[in-house]
Each structure stands twice: as C-alpha cells, then as structure tokens.
Q: 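This is the structure I want to talk about, given as structure tokens.
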Amino acid sequence: QERRRWLENQHVALMPIDTAQLERADHLSENVFSTLTLPVGLIPDLVVNDSHFQVPMATEEPSVIAGANHGSRFLIKAGGSHAFSFRSGIWGQIVLKKGSSFNDVRFQKELVLLKHKTNQKFDHLVRHGGGVRKFFPRFAAQKINLRVLIDPSEAMGANLVNTILEFMADELSQSDLTESKSFAIVSNYPSQLTKVNAELPVSLFGKEAEGLKVAKDIEALSDLGCHDVYRAVTNNKGIMNGVDAVLMATGNDTRAVEASNAVLACHRGQYTSLSQWHVAKGILKGQLTLSLPLGIVGGSIEARPDVKQNLQLLSRNEDFSVRDLAQIIASVGLASNLAALHAIVNYGIQAGHMKLHARNLVAALSATEVEKEQVYHLLTAKRVYTATAAKDFLKKVRQGEKGNGHRH
Ligand code: MEV
C-alpha cells in the first residue's frame, strides 16, 4: 500500500486492487504494487499417446488458443499425437581453478566420491527419483570446467540445482587438486528433451488432389524454415505461441524454455525450424523436438491457487507426472504449428487473426454489449481492424440508433 501511495502521489493512475490480492502478490514477488491478469482459455480435447486432456492456456492473444484448438482437431482426426519425454536432468556448471598438484585421474576419482556424498546430502531428491547423474569435466591449462547433469525429478529444479552445485563447488574447492572455485550455476542448455510426432492423412485437408496440394504446400513451407532463418524463427514463434501459453497457465518458467529452445534450434550449426513436416504415401508427417525444463511441484506452484487449478484440470489421472505435462506441451506446440502452416498456405493468417483482433478492439470500447456486437460485425464485414475504425463505427451505430429513435 505504501508503494501504491508513493506512485499515486506522483499522479500515476493505479487500478483499484483488493487488499487480500495485493498481499498475496506481495508474498510471491518483489516490490509489488499491482497485479496483471490473463485470460485462461481451453483446449477441450487434446489427444496425446491415446489419452485425452483438457489443456489450460493463459494468453491475451485469442488466435493462439483458436490456432491450438484448430490444430488439435486435425490431430484428433489422425488419432492424436505421440510423444516421448527423455528426462535425464538439467545441466549445471562449476568452474574451478586447478591447484599446483592437479592430476586428472585423481580428480575423476574425487568426482565419484562427490557424487555419492552429494546424493546422500540431498537424499530427499533421491527419494523422489532424482539426484546427481553425471559429470563431464573438461580441463584447460588453468581451469576445470565441470558440467553436471542433475535430475530434479518432478520439479523444474533450477533453484535446487544451484544449491547442489554450490555444495559441490565448496567440497571440490577444499581438495588439494583445486585452488579455488570461480563459479557454480545452473545452465539453460537444452535438456529434458521431448519429441512429438503425428501422421495425418492428406484427405483431412481436402478432397483428393486438393488435400495432397495443401499437404505439399505445408511441406514446402516447412522446408523453407529448414534453411531460411527468417522463416525458421517465425515458424518457431508459432510453436512457442502454444507452448508459452501452457507454461504460463501451469506456472512454469517461460524464460528458461525460450532460452534453451533458441539453442536447440541451432543444433545443426545454423538456426533452423524446431519442427519438420513431410508428405509420403498420402500421409503428412510432422515432428517436433523441444527442450522442456518444467515442473509440476516446487517453485511458486504451492502458493498459486490459479496454477494449482490448472494443474488439477490437467492431472485428473492419478499418476500424472512432469513427463505427461512435457508431452502435452510439445503436442500443443505441434498443433499450433500445424494450424499456422495450414492457415498460411490456405487462406492466409490474417483472415482468422483479424476477426479475433476485432474482438479486442470492441472490448476496449465504452459501449453496451449490443453496440459492441454491431461494431464487431461492421469491422469484420468491412475488414478494417483499427481502434479508430472501431470508434468511428460506434459513432455510426449510435447515430443510427438516434435516427431510429426519431423515427419512432
Ligand atoms: C503468429 O503469432 C505466428 C505465425 O506467424 C507462425 C507462423 O508463421 O508459422 C502465424
């Protein structure tokens, strides 16, 4: 409240806020003065590995939810998508200065003991199926660059991994093999990879030659993204539209997922599409691999009833795990990508997008529901989608009403 008063004294117009809501937000974050709410939309039926899910998506952009639903309806007609999540852990880095008696064979032996000691210290993680998995040391003239793979189990794990890395760095820096530690920090390098694929009969896209043409056009657009970075980055943005919305709805770290997938998209030495689509024998095959460092426990999840609600919606089935969430998110990414490619090669992206944008324009008007509906129809009929046009149409609607009033 003090921060709000301070801003209001500077004539900042603040939205009114419920005290309890402000207090909850203050406990969650830093220097809080307000909150931001997002609509949560739904994919009512996403089929992944023969299971049905209702998927919450948090975004202000209606075309993101419409696109994911359009794509998932195509996927359902093809029996859904098939996904597999390889969850071996997330990366950490410890850099140490070598001591004068450094010996790499002895150092490797120390690592074996360290792994044991660390897993004993963090036994709660081991009990949940996680723990330190592997070390990958690299030795330079003066330094040791130690990469560590740590399985955070059902959590995203960045905080826990940092705690574990700092413990290990302190232990290692006490050895006579090292002089001092330089740093210990989680790495957002791609990890927790999830692969998803789907096979769609070309007949889903139109009758006979027409369906094949649409599928071939989707393939051609996908191929462009394999070697043209201007297309690749946009293709990947379309995937992230769906991915980020589910990450937001489930309280996951969009920044970590975005950063790691930017690197994954460069794994062939050049930035490329994260998805590929090919046609063969009347089937359009799509596949997508994503790095999905996610959690369904830990972080702020326990303190967020909005996120808990969304996770409960997803996890009706008792043994729901972070692996399921990763598979769902990758499938939403594939569905979003398919819908975008399908729209671009058929009727262009704007037709659907702008109709949805018109809804945002009318929502911003100070008008009755009936007036908003009339303005919406005028915007979409005339295909002009600007805030000025919305205001002009509102004036016209009101003048028309007055005119009608006079006649009566
Ligand atoms: C818009 O938010 C996303 C698209 O540009 C993605 C794509 O071009 O594939 C439609």
Side-chain angles (χ1 to χ4, degrees), residues 38-43 46 55-75 78 81 196-198 200 204-205 213-249 254-255 257-259 261-262 264-266 270-279 284-292 329-361 363 380 383 385-386:
L38 281 179
V40 182
L42 189 69
I43 305 179
L46 181 83
V55 187
M57 301 178 78
T59 174
E60 79 300 344
E61 175 54 62
S63 67
V64 164
I65 299 177
N69 271 293
H70 191 203
S72 69
R73 282 194 295 272
F74 273 130
L75 294 179
S81 56
V196 57
N197 60 62
L200 300 105
L204 289 181
F205 305 112
K213 179 178 181 311
V214 171
K216 288 261 183 208
D217 287 348
I218 290 177
E219 178 184 58
L221 186 55
S222 171
D223 282 353
L224 181 65
C226 292
H227 53 83
D228 176 348
V229 69
Y230 280 76
R231 177 59 210 152
V233 67
T234 317
N235 180 77
N236 295 345
K237 192 272 183 181
I239 294 168
M240 291 303 170
N241 273 343
V243 169
D244 282 356
V246 188
L247 291 173
M248 287 296 285
T254 51
R255 291 90 57 202
V257 172
E258 289 284 348
N261 282 298
L264 190 63
C266 291
Q270 184 200 328
Y271 187 93
T272 183
S273 292
L274 290 160
S275 62
Q276 296 85 34
W277 294 90
H278 293 296
V279 194
L284 177 70
K285 289 189 186 180
Q287 62 162 20
L288 167 67
T289 302
L290 288 175
S291 164
L292 291 171
I329 292 181
S331 301
V332 172
L334 191 72
S336 305
N337 183 222
L338 174 62
L341 301 186
H342 180 262
I344 295 167
V345 304
N346 272 287
Y347 32 81
I349 207 75
Q350 284 307 74
H353 263 208
M354 294 324 271
K355 273 196 184 158
L356 293 167
H357 182 54
R359 273 214 233 136
N360 287 345
L361 293 174
T380 50
R383 297 190 186 186
Y385 301 104
T386 62

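All residue numbers refer to positions in the sequence shown, counting from 1. Read the numbers this way: they start at 1 and go in the same order the structure lists the ligands and their atoms. Keep in mind that what you see is a predicted model, and the values were worked out from it rather than measured. In what follows, every heavy atom counts, from backbone to side chain, and hydrogens, waters and symmetry copies are set aside.
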Q: Which ligand 1 atoms does T234 reach within 4.0 Å, using its non-hydrogen atoms?
A: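 Atoms satisfying the 4.0 Å criterion: 5 (O), 6 (C), 7 (C), 8 (O), 9 (O).
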
Q: Among all protein heavy atoms in this structure, tell me which lies nearest to atom 10 (C) of ligand 1, with the distance rounded to 0.1 Å.
A: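 Residue, atom and distance for the closest contact: I349 CD1, 3.5 Å.
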
Q: Heavy-atom pairs closer than 4.0 Å: do any link ligand 1 to the side chain of M240, the backbone, both, or neither?
A: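 For M240, no heavy atom sits under 4.0 Å from ligand 1.
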
Q: Among all protein heavy atoms, pick out the one at the shortest distance from atom 8 (O) of ligand 1; state its residue, atom name and that distance to 0.1 Å.
A: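 Among all protein heavy atoms, the one nearest atom 8 (O) of ligand 1 is R231 NH1, 2.9 Å.
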
Q: Is a side-chain donor or acceptor of N235 paired with a backbone partner of R231 at a separation under 3.5 angstrom?
A: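 No.
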
Q: Do you see a donor-acceptor pair shorter than 3.5 Å between the side chains of E61 and T59?
A: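 Note: E61 and T59 side chains miss the donor-acceptor criterion.
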
Q: Should the proximity of I344 to ligand 1, defined as any heavy atom under 4.0 Å, be assigned to the side chain, the backbone, both, or neither?
A: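 Answer for I344: side chain.
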
Q: Counting each atom of ligand 1 from 1 as listed, which ones have a heavy atom of A340 under 4.0 Å away?
A: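 Heavy-atom distances to A340 below 4.0 Å select 6 (C), 7 (C), 9 (O), 10 (C).
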
Q: Atom CG in N236, atom CD1 in I239: separation rounded to 0.5 Å?
A: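 Reported value, rounded in 0.5 Å steps: 5.0 Å.
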
Q: What residue and atom, counting heavy atoms only, is the protein's closest point to atom 2 (O) of ligand 1, and at what distance?
A: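 The answer is K237 NZ, 2.8 Å.
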
Q: Please write down residue, atom name and distance for the protein heavy atom closest to atom 1 (C) of ligand 1.
A: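 The protein heavy atom lying closest is N241 ND2, 3.7 Å.
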
Q: Any donor-acceptor pair under 3.5 Å linking the side-chain atoms of S275 with those of N337?
A: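 Result is yes, a qualifying pair exists.
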
Q: When you compare the side chain of N197 with that of K285, does any pair of heavy atoms fall below 4.5 Å?
A: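 K285 does not reach N197 side chain to side chain.
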
Q: Is E61 near ligand 1, meaning one of its heavy atoms is under 4.0 Å from it?
A: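 No heavy atom of E61 comes that close to ligand 1.
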
Q: Within a strict 4.5 Å, meaning less than it, do heavy atoms of the L200 and L338 side chains meet?
A: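 Touching, per the 4.5 Å side-chain cut-off.
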
Q: Side chains of W277 and D223: donor-acceptor distance under 3.5 Å anywhere?
A: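 W277 vs D223: no donor-acceptor pair found between side chains.
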
